[in-house]
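The structure appears below as structure tokens.
When a residue number appears, it is its place in the shown sequence, counting from 1.
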Amino acid sequence: MRRWWSPALAAVEPRSVQLLLLGVALVAASFYAGTLFGSSASPALVLPPSRPRSPDSFRAKVTDVPVFTNRVSRTYRAKSVTVPDHGVDVCPLEYNEYVPCHDGAYISSLKSLDTSRHVDLESICPPWEKRLFCLVPPPNDYKIPIRWPTSRDYVWRSNVNHSHLAEVKGGQNWVHEKGKLWWFPGGGTHFKHGASEYIERLGNMMTNSTGDLRSAGVVQVLDVGCGVASFSAYLLPLDIRTMSFAPKDGHENQIQFALERGIGAMISVLATKQLPYPENSFEMVHCSRCRVDWHENAYRKDKDFPVIWEKLVNITTTMCWKLIAKHVQTAIWVKPEDESCRQKNVDMNLLSICESNDNISPSWKIPLMNCVKLNKDKSNIQKLPSRSDRLSFYSKSLEIIGVAPERFEKNNQFWKNQVHKYWSFLHVEKTSIRNVMDMNANYGGFAAALSSDPVWIMNIVPYTMMNTLPVIYDRGLLGSYHDWCEPFSTYPRSYDLLHAFHLFSHYKRRKEDCLLEDIMLEMDRIIRPQGFIIIRDENDTLSRIINLAPKFLWDVTTHMLENEESGTDQVLFCRKKFWAIV
């Protein structure tokens, strides 16, 4: 019986005059497929009982739970999408970690990829006819994730059931097995004795032992090749926010571990395209054994290390980075504010300047170039305040896109009121929600209104909309560009809450390759069981979603809330059912 239950350096330059670091519980529900459900002649879709008193407090039978009509089938996206009466098909269990644009089976079939530049690790979306159109199931024995902050150190093994990292990185204290849990001691390849000690050491190196990273001016960090994101987790006590990314590669499921812990991260790689973040967004860029070929990767004990180090120093010197500290294999450079050094190197043909002066267009699928940009227009460069003051700070980024201070303040007040009402309608403890995505973030008002709650927010700005992501970063928030006609670069079950503010109406003018059903399917893939989806949009769009939601196994309630124009909006509060295949 089957029970299924070198352009790289220029690409990551931090904010001007700041730092570049280049370093060479409570469980809501739980169920068990092998013991909770009896035998079945064929796969069935079931909803387990909710709100158990403890993970082992019940043993239900199939007759105790509703059985749905959705069928288990490996179904592909057809040119014309029609959701059948029995509901959206459910993918077979082996697709429980399906990441459409990082699908190893499909990418390995493409023989023309230049793997020497790691193109195979970039987002490569299959054509529609080769993309699954079915609901991604949870794995066998999936449990509602442990709540933050306990989840920083412990997660359920069954939710990310991969032992490879523990086997190859256990000696560096990335992750260890501990009964039914994974334990994260806080170590990393370059800091096996713990991220806290390492972060303190970095602060001492930057300040001559007079302060820490925060006093050195670090507010936002880009962690390149982040592993399980312990570096990010241990920066939080300093009120430093980190955008962490790593590829989906041989370091099995590292980003999935990070997200399961409740730490902000996404799948990405520095290979042939610019990263999906705005210019001048980070005070610090961190690379600890990040496997990026800045020139060539080398360990200190390698015989070629002195030669490789010399070549790296030559490159950074040409870019006018100043080496301010070096200890063993940790080196810290500062990017210059004054462009006279770079201009001199340009005049000597030592450095190439990017021809484009476009600072407005989003960095979305733009090829890396062997050049750097000069900040010749100092009028748009602005010293930002501390993080607590940045949330409501009227920045140059707002002025550039034509947003007046009054409009910005009105938007902030609107979202403070809306978020207060959202919580009252959700009827859950705030600690039950940790990972949040705003799928159309605009100025980041929704995220700013959540800043005092125990959540982190991935702010997404669709690249076809007004480029507001610089505004979001200037507010001390984090996010990425994206196109919702493609799946997002993350694992299934990454988020507890998705917020979609007038997202669907923006895409309804696209052709048949980007339908409402496609976006709903992707939302279902990345939301966790029992996770929430809040949707505000045009009435005809909401009506379609209300009709489709049961076929996606979502519960829906509606509420009326005021909008920014003093009218009212119908708002959908959807919740994904907790189902399983047996």
Has the side chain of [X] got a donor or acceptor atom that lies under 3.5 Å from a matching backbone atom of [Y]?
X    : Y    : answer
R390 : G476 : no
Q570 : L542 : no
D438 : N459 : no
K576 : D524 : yes
N411 : F408 : no
D453 : V455 : no
R525 : Y98  : yes
N440 : A500 : no
Y277 : S363 : no

Does the distance from a Lys or Arg side-chain N to an Asp or Glu carboxylate O, for [X] and [Y], drop under 4.0 Å?
X    : Y    : value
E562 : K421 : yes
E260 : R157 : no
R77  : D518 : yes
R528 : D496 : yes
K365 : E486 : yes

Between H499 and Q418, does any side-chain donor sit less than 3.5 Å from a side-chain acceptor?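 The criterion, which ignores hydrogens and geometry beyond distance, is not satisfied for Q418 and H499.
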Within the structure provided, determine whether S494 and N435 are in side-chain contact (heavy-atom separation under 4.5 Å).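 No, their side chains stay 4.5 Å or more apart.
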From CA spacing to verdict: side-chain hydrogen bond (donor to acceptor under 3.5 Å, both in side chains), T242, S244: CA-CA 6 Å; T242 307; S244 301; 5.3 Å; no
Minimum heavy-atom distance E399-Y394, with the two atoms named: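 Closest approach of E399 to Y394, heavy atoms only: CA-OH, 3.5 Å.
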Could you report the tightest heavy-atom contact between I255 and C226, atom names first, then the distance?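 Closest pair (atom of I255, atom of C226, distance): CD1-SG, 3.6 Å.
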Output, in order, the C-alpha distance, side-chain angles, deciding distance and verdict of side chain to side chain contact (heavy atoms under 4.5 Å, CB included) for L477 and I457. CA-CA 8 Å; L477 304 169; I457 301 96; 6.0 Å; no
Could you go through N467 and Y481, starting from their C-alpha distance and side-chain angles, then the distance that decides it, and tell me whether this counts as side-chain hydrogen bond (donor to acceptor under 3.5 Å, both in side chains)? CA-CA 9 Å; N467 184 10; Y481 296 112; 2.7 Å; yes
Is it true that atom CG of D85 has more than 12 heavy atoms of other residues, nucleotides or ligands lying nearer than 6.0 Å?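 No, the 6.0 Å shell around CG holds no more than 12 heavy atoms from other groups.
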Ring centroids only, cut at 6.0 angstrom: are W456 and Y495 within range, meaning strictly under it?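 Yes; Y495 has its ring centre under 6.0 Å from that of W456.
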Quick check for you: to the nearest 0.5 Å, what is the distance between L503 atom CG and M439 atom CE?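 Between L503 CG and M439 CE, I get 5.0 Å after rounding to 0.5 Å.
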Which class fits the ring pair H559 and F425: parallel under 30°, tilted 30 to 60°, perpendicular over 60°?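 It falls in the parallel class, under 30°.
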